[in-house]
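The next block holds one structure in the form of structure tokens; read it before the comments.
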Amino acid sequence: MSADRLLFAGLPALLTLLLHGGVVLMLVVRSTHSEQVVAAAPAIQPIQAALVSADALKPKPKPKPTPKPEPKSQPTSTPDPKPTPEPATAPPKAPEPQQDSASSLNAEQLAALTRDELGALIDADSGAMGTAEPTLRDVVAATIRATVINRWTRPPSARNGMVAVLSIQLVPTGEVVGVSVLQSSGNNAFDRSAMNAVERSARFPDVAKLENAVFEDNFRRFQLIFKPEDLRY
Amino acid sequence: MLFGQRLILALLLLCVAPAWAELQIEINQGVENPTPIAVVPFAWQGVGSAPEDVAQIVDSDLARSGQFSPVSRRDMLSYPTRESELFFRDWRAISAEYVLIGRVSVGSKARIDFQLFDTTRQEAVQSGTVTGPVTELRMLAHRVADSVYETLTGIPGAFATRLLYVSVTRNPESNDFYRLTLADADGRRPIVLLEGRDPILSPSWSPDGSEVAYVSFETSRPAIYRQNLRTGAREQLTNFKGLNNSPAWSPDGNTMALVLSKDGNPDIYLLNLTSRALTRLTRHFAIDTEPTWMPDGKSLLFTSDRGGRPQIYQYDLRTQKIERVTFQGPYNARARVAQDGRNVALVHQRDGRYHIAVFDLVTDRLTVLTETSLDESPSIAPNGSIVLYATKRGENSILGAVAVDGGVRFSLPAREGSVQEPAWSPYVTP
């Protein structure tokens with residue numbers, strides 16, 4: 001599969017590649033300090049290292065992940081805010097050897113790749129690994145969701161449509177090390193119930209199973225949106 | 001083409017804002033578990049022994065709400081009364097999510113200082129003080145419960161409120177004996193306001209909680225009275241021929257809705273309490289009864305069988321229009337509206353049994369709350385959380401209570417005889 005990638009690089013787009021590659025590079029370098037990016041870089045590596053066969057690229061027309069926030073963060077495997085499954089898959093490879101030159105090499109090549117192609121690549125990758133449709137990332141996100149739901153006791157003042165957004169910080173073992181309110185529901189009891197639901201969860205053990213990069217990209221810091229829909233009103 | 005495509009996409013990608021979007025997980029369900037809270041015995045800083053176990057009162061209040069499951073004292077590993085004595089691990093060990101500690105002192109006034117802690121986040125959530133007459137220590141304890149309840153649930157507590165109810169002692173030898181009783185919302189400290197062998201009906205509260213109105217047959221005919229709870233002053237408001245029933249104070253306290261049959265069959269009237277002017281609202285050959293005010297004072301709900309069976313109707317005071325409100329089942333009666341103007345507690349008949357139900361005026365959804373079969377006279381707590389009602393147990397009726405969300409049910413301490421027509425007070429300013 002990785003052979004492909006080389007093929008691509010060799011493709012006509014050379015000039016553009018260079019230009020875009022340069023820009024991406026700059027972006028990457030610039031944003032290196034941000035944690036996500038750092039985390040991201042490793043995730044991407046696998047791509048460059050491996051050769052992807054051309055077919056691997058086309059065949060899988062992934063539904064386009066709408067948001068293309070990727071550009072500079074490309075290096076990051078999963079910039080997608082939405083739990084779009086595909087990006088997540090990339091990471092599995094990440095931890096592999098070729099860390100060093102990775103970013104620069106990638107930058108150029110990545111610039112040349114469309115999001116689709118990236119998705120295809122990633123898919124191909126994960127396919128090889130035997131990863132099924134839902135990625136490990138998705139599974140972990142789902143277990144986090146279930147855990148929090150089971151610990152969330154809503155106050156009687158809670159109403160459907162209230163929204164509180166919490167920022168959650170984890171360490172790789174899955175321990176919750178930070179909970180803060182990003183957006184209050186306007187109801188203190190509601191906000192507190194949400195925070196306590198997370199605090200009471202204390203640890204999401206499944207997180208420990210994740211590849212480093214997946215963890216860094218998704219779970220080092222993420223958001224929980226508390227938005228009841230099952231209340232009487 | 002590939003090239004062009006890629007170029008465009010690449011450009012697009014580069015243009016997109018670089019803002020890093022974090023993974024978001026949406027939580028849109030939860031569970032209905034009562035919150036474990038430890039109410040530690042409060043320190044008594046007075047002579048002799050404490051006249052009331054304040055912490056126990058708070059504990060019982062919170063438990064009765066159904067939203068809390070207080071930790072048993074026997075399970076507590078320590079009994080802190082000040083923050084310096086509190087160790088969160090002691091409370092996390094017994095899975096108490098909140099700990100309430102406090103101190104009670106009595107001088108010329110009684111004073112309760114309390115502090116509430118969140119053991120999960122290990123921080124103080126609330127601290128407060130209530131003061132009042134020494135004789136009102138129980139009420140002060142209820143106010144502590146109100147305060148804690150509001151902090152943790154987001155809605156005001158209704159523990160420091162009172163109940164009116166009528167109890168009847170059956171007497172096969174002579175007439176039954178009636179008592180109109182005023183008690184704390186937990187059923188304690190009952191005071192008899194009126195008693196005798198003549199029936200007492202329809203007790204209700206003035207909106208400020210300072211007066212009550214009721215129907216008494218003491219003149220051998222039903223008449224409506226009002227009685228001031230502080231001064232004991234009592235006044236007969238109506239004594240018309242026929243029925244004089246169901247007094248209901250308007251939210252502004254100036255008007256009373258009532259049912260009279262002086263002009264034929266029962267209809268709804270308004271009595272101006274200042275001018276004593278009487279206005280007839282409904283004229284219908286059917287029975288119109290049991291008026292109750294919407295909290296905005298702009299309309300009333302009442303029961304009428306003008307459609308053949310008793311259902312709830314709404315009278316708009318501005319347009320003088322009457323609209324039918326309930327269509328669920330063959331029988332809906334005796335409405336009482338919660339302060340939110342949305343939930344209406346009523347008696348609903350299903351399969352020949354009478355249940356307490358809540359009707360949502362916004363969604364038109366009716367939810368049956370009780371499983372008993374002869375429930376009557378619902379009355380809603382001023383915070384809208386609990387419906388109190390009378391229900392049969394054996395020969396007698398007792399007071400039952402059920403959470404508006406259907407969560408908890410409990411009955412109030414049994415009194416001698418049958419207990420009927422509970423009326424939950426509004427909030428009373430301390």
Side-chain angles (χ1 to χ4, degrees), chain A residues 11-13 16 20 23-24 27 31 34 36 67-74 78-83 111-115 141 144-145 148-158 167 187-190 192 194-197 199-200 218-219 221-230 232-233, chain B residues 2-35 65-67 95 97-98 118-122 125 149-156 342-343 358 360 362-363 365 367 383-385 403-407:
Chain A
L11 284 178
T16 0
H20 298 303
V23 178
V24 170
L27 283 172
S31 47
S34 94
Q36 312 91 303
K68 346 205 115 183
E70 312 292 87
K72 33 30 238 283
S73 45
Q74 220 98 304
T78 321
D80 258 331
K82 320 221 142 173
L113 296 176
T114 66
R115 187 79 163 87
I144 289 178
R145 181 169 179 274
V148 176
I149 284 176
N150 276 319
R151 287 180 172 69
W152 188 28
T153 307
R154 282 82 54 91
S157 53
S167 174
N187 175 328
N188 286 338
F190 184 97
R192 190 177 315 110
M195 293 185 72
N196 279 343
E199 299 267 16
R200 228 168 282 140
N218 298 287
F219 299 104
R221 178 190 289 275
F222 64 99
Q223 295 177 15
L224 282 179
I225 304 172
F226 289 79
K227 189 177 166 196
E229 289 171 357
D230 60 334
R232 204 153 71 88
Y233 47 73
Chain B
L2 242 185
F3 173 81
Q5 231 180 25
R6 246 184 284 148
L7 172 59
I8 290 167
L9 276 169
L11 283 172
L12 262 179
L13 286 173
L14 288 171
C15 295
V16 175
W20 169 258
E22 290 179 355
L23 171 69
Q24 297 181 318
I25 301 176
E26 199 169 291
I27 310 290
N28 40 33
Q29 298 162 46
V31 290
E32 312 292 335
N33 287 335
T35 304
S65 75
Q67 274 126 18
S95 302
E97 285 168 24
Y98 295 94
D118 178 335
T119 66
T120 315
R121 289 158 58 208
Q122 312 207 5
V125 178
Y149 183 89
E150 177 161 14
T151 299
L152 297 183
T153 67
I155 59 178
R342 175 167 182 172
N343 278 331
V358 167
D360 184 330
V362 175
T363 63
R365 191 158 39 159
T367 313
N383 69 354
S385 65
V404 168
D405 61 16

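Below, read A as the first sequence line, B as the second, and so on, with proteins coming before strands; counting in each chain starts at 1. Predicted model, so just to flag it, every value in this text is computed and none were measured.
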Considering non-hydrogen atoms only, spot the tightest contact between [X] and [Y] and give its length.
X	Y	value
N33(B)	T153(A)	O-CG2, 2.8 Å
K227(A)	N28(B)	O-CB, 2.9 Å
G154(B)	A189(A)	N-CB, 3.5 Å
T120(B)	R200(A)	CG2-N, 4.0 Å
F219(A)	L23(B)	CE2-CD2, 3.3 Å

Rounded distance [0.5 Å steps], CZ in R154(A) versus CD1 in I27(B):
10.5 Å
Part of [X] lying under 4.5 Å from any heavy atom of chain A:
X	result
N343(B)	side chain
V125(B)	side chain
T151(B)	both

At a heavy-atom distance under 4.5 Å, which candidate from R365(B), E150(B), E97(B) has the highest pair count against chain A?
E97(B)
Pick whichever of T35(B), T367(B), D118(B) has the most heavy-atom pairs under 4.5 Å with chain A.
D118(B)
Under 3.5 Å donor-acceptor, R145(A) side chain and E26(B) backbone
yes
Counting distance only, does the side-chain N/O of T153(B) pair as donor-acceptor with the main-chain N or O of P155(A) below 3.5 Å?
no
Given A158(A), A141(A), S167(A), P156(A), the one with more heavy-atom pairs under 4.5 angstrom with chain B than any other is P156(A)
Report which part of N150(A) has an atom under 4.5 Å of a heavy atom belonging to chain B: side chain, backbone, both, or neither.
both
Is chain B contacted by the side chain of F190(A), its backbone, both, or neither, given a heavy-atom distance below 4.5 Å?
neither
Does some side-chain heavy atom of R192(A) sit less than 4.5 Å from a side-chain heavy atom of L152(B)?
yes
